[in-house]
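Computed over heavy atoms, backbone and side chain alike; hydrogens, waters and symmetry mates excluded.
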Amino acid sequence: MPTTPATAANSSSNGNGTAPSIMLELVDENGTTIGTAEKLAAHQAPGQLHRAFSVFLFDEEGRLLLQRRALGKYHSPGVWSNTCCGHPYPGEAPFTAAARRVHEELGVSPSLLAEAGTVRYNHPDPASGLVEQEFNHLFVGMVQAPLRPDPEEVEATVFVTARELTDRHAADPFSAWFMTVLDSARPAIKELTGETGGW
C-alpha cells in the first residue's frame, strides 16, 4: 500500500520498542475535525464522536463479503460484521484508510471502491461497555483476488447473498453497528449489484 504522511506518522515506532498509541480524529456533528483522542479513550462511555469508515465488498456474483472479527480484538470480538471497518489516522483521507485496512485485514486490494455516503450513530456494546460514537464514511466495491486474512484481525470470512445474510443475521451474533451501516449503504449497494441482487 502507498505511504502517505498520515500513515507514515502513525505506523512508525515510538523509539522504545513499543507500539505507539493509535490516535483518532474527533469530529463535530457535521464531520468537521475538531481534535484527536487515543483510540480506547474515544470508545469509553459515553464515547467521543470520531471519524470512522465501513467497507462493503462484493464478488462478481453479487455476494457480500462478511468477516467474523478475531476473538482477540478488544471491541466486539468473535461477531460477524461487514467486510472491513476502522478509523482513519488523523489527517488520512477516509478512502485511503478504507483501502489500507482492507489490505491489512484481508490481504487483498479492492478492484473497485466507491464512496457511498456517511452515517452518524451511537451504539453501545453491552459486552465490553465501550461505545461507538461515530461519523462513518461508507464505501462499496468489488473484490476479485483471493483473500489472505490476517488471523489477528479476522476469525473467518464468508460471501453471502441477501437471503443468506438474513438467515445468518437471525442465527449468529453481529456487530452492533452492522445493520445501521448496511442500511445506510443500501442505495449504493443496489447501484453496484443491480436490482436482481436482492440488496
Side-chain angles (χ1 to χ4, degrees), residues 1-4 6-8 10-11 19 22 24 39 43 50-89 92-119 123 125 132 134 136-162 164-165 167-169 172-186 188-189 191-193 197 199:
M1 294 298 295
T3 300
T4 67
T7 58
N10 285 279
S11 61
I22 297 175
L24 308 185
K39 183 178 178 181
H43 288 86
H50 58 274
R51 195 177 310 282
F53 63 82
S54 291
V55 179
F56 296 84
L57 296 181
F58 295 80
D59 65 9
E60 293 175 330
E61 298 175 31
R63 299 180 302 171
L64 172 62
L65 173 59
L66 299 177
Q67 70 154 278
R68 186 179 182 198
R69 294 164 61 84
L71 295 175
K73 294 183 80 78
Y74 77 91
H75 192 344
S76 302
V79 301
W80 288 97
S81 197
N82 47 294
T83 306
C84 179
C85 54
H87 310 90
Y89 294 132
E92 183 183 24
F95 182 93
T96 302
R100 170 178 59 81
R101 281 304 286 169
V102 168
H103 191 269
E104 290 172 355
E105 292 189 7
L106 296 163
V108 65
S109 295
S111 57
L112 171 71
L113 191 64
E115 295 181 4
T118 60
V119 61
H123 284 304
D125 175 31
E132 289 287 9
E134 294 189 331
N136 199 300
H137 297 255
L138 307 172
F139 297 91
V140 301
M142 294 188 67
V143 60
Q144 294 172 299
L147 303 176
R148 293 179 287 111
D150 178 352
E152 293 189 3
E153 298 286 348
V154 180
E155 176 76 14
T157 61
V158 65
F159 284 94
V160 295
T161 64
E164 289 167 343
L165 174 60
D167 294 341
R168 183 176 290 269
H169 191 263
D172 295 331
F174 272 70
S175 64
W177 62 86
F178 176 75
M179 287 307 300
T180 298
V181 292
L182 174 63
D183 287 343
S184 298
R186 280 188 195 274
I189 290 171
E191 187 173 336
L192 176 71
T193 60
W199 296 101

Checklist entry - So how far is it from Thr118 OG1 to Phe53 CZ, rounded to the nearest 0.5 Å? => result 15.0 Å

Checklist entry - In this structure, which one of His137, His50, His75 forms a ring-ring contact (aromatic ring centres under 6.0 Å, His included) with His87? => result His50

Checklist entry - What pairs with Glu164 under side-chain contact (heavy atoms from CB on, under 4.5 Å), at least two apart in sequence or on another chain? => result Val160, Thr161

Checklist entry - Can you tell me how far the CG atom of Leu147 sits from the CG atom of Leu106, to the nearest 0.5 Å? => result 6.0 Å

Checklist entry - Is any side-chain heavy atom of Leu65 closer than 4.5 Å to a side-chain heavy atom of Asp59? => result no

Next on the checklist: Per the salt bridge (Lys or Arg N to Asp or Glu O under 4.0 Å) rule, what does the pair list look like for residues 71-86, sequence neighbours excluded?
Outcome noted: Lys73-Glu153

Checklist entry - Would you find a donor on one side and an acceptor on the other, under 3.5 Å apart, between the side chain of Arg101 and the backbone of Gly86? => result no

Next on the checklist: Using a 3.5 Å distance criterion without hydrogens, assess whether the side chain of Arg68 forms a donor-acceptor pair with backbone atoms of Gly78.
Outcome noted: yes

Next on the checklist: Contact between Leu182 and Ile189 at the side-chain level, heavy atoms closer than 4.5 Å - yes or no?
Outcome noted: yes

Next on the checklist: Minimum heavy-atom separation for Gly141 and Leu192, please, with both atom names.
Outcome noted: O-CD2, 3.4 Å

Next on the checklist: Treating Arg186 as the side-chain partner and Trp199 as the backbone partner, does any N or O pair qualify as donor plus acceptor under 3.5 Å?
Outcome noted: yes

Checklist entry - What are the two closest heavy atoms between Val140 and Ala188, and how far apart are they? => result CG2-CB, 4.0 Å

Checklist entry - Does any non-hydrogen side-chain atom of His43 lie less than 4.5 Å from one of Glu134? => result yes

Item to check | Shortest non-hydrogen contact between Leu57 and Met142, atoms and distance | outcome: CD2-N, 3.8 Å

Checklist entry - Are any non-hydrogen side-chain atoms of Val143 and Phe159 less than 4.5 angstrom apart? => result yes

Next on the checklist: Do Glu115 and Phe139 make a side-chain contact, defined as non-hydrogen atoms from C-beta onward lying under 4.5 Å apart?
Outcome noted: yes

Next on the checklist: Would you say CD of Gln144 has more than 12 non-hydrogen atoms from neighbouring residues, nucleotides or ligands within 6.0 angstrom?
Outcome noted: yes

Next on the checklist: Could you measure the distance from the CD atom of Glu132 to the CG atom of Asp125? Nearest 0.5 Å is fine.
Outcome noted: 8.0 Å

Checklist entry - Nearest heavy-atom pair of Ala98 and Leu113: which atoms, and what distance? => result CB-CD2, 4.3 Å

Item to check | salt bridge (Lys or Arg N to Asp or Glu O under 4.0 Å) partners of Arg148, counting only residues at least two apart | outcome: none

Checklist entry - In Å and rounded to the nearest 0.5 Å, what is the SG to CZ distance from Cys85 to Phe56? => result 9.0 Å

Item to check | Contact check, side chains of Asp150 and Glu104, non-hydrogen atoms, under 4.5 Å | outcome: no

Checklist outcome for this item: So CH2 of Trp177 and NE2 of His123: to nearest 0.5 Å the spacing works out to 9.5 Å

Checklist entry - Do Phe178 and Val79 have side chains that get closer than 4.5 Å, going by heavy atoms? => result no

Item to check | Shortest non-hydrogen separation from Ala145 to Val108 and the atoms involved | outcome: CB-CG2, 3.5 Å

Next on the checklist: As an exercise, state the distance from CG of Leu165 to CH2 of Trp80, rounded to the nearest 0.5 Å.
Outcome noted: 11.0 Å

Checklist entry - Can you name the closest pair of heavy atoms from Leu138 and Ala185 and give their distance? => result CD1-N, 3.8 Å

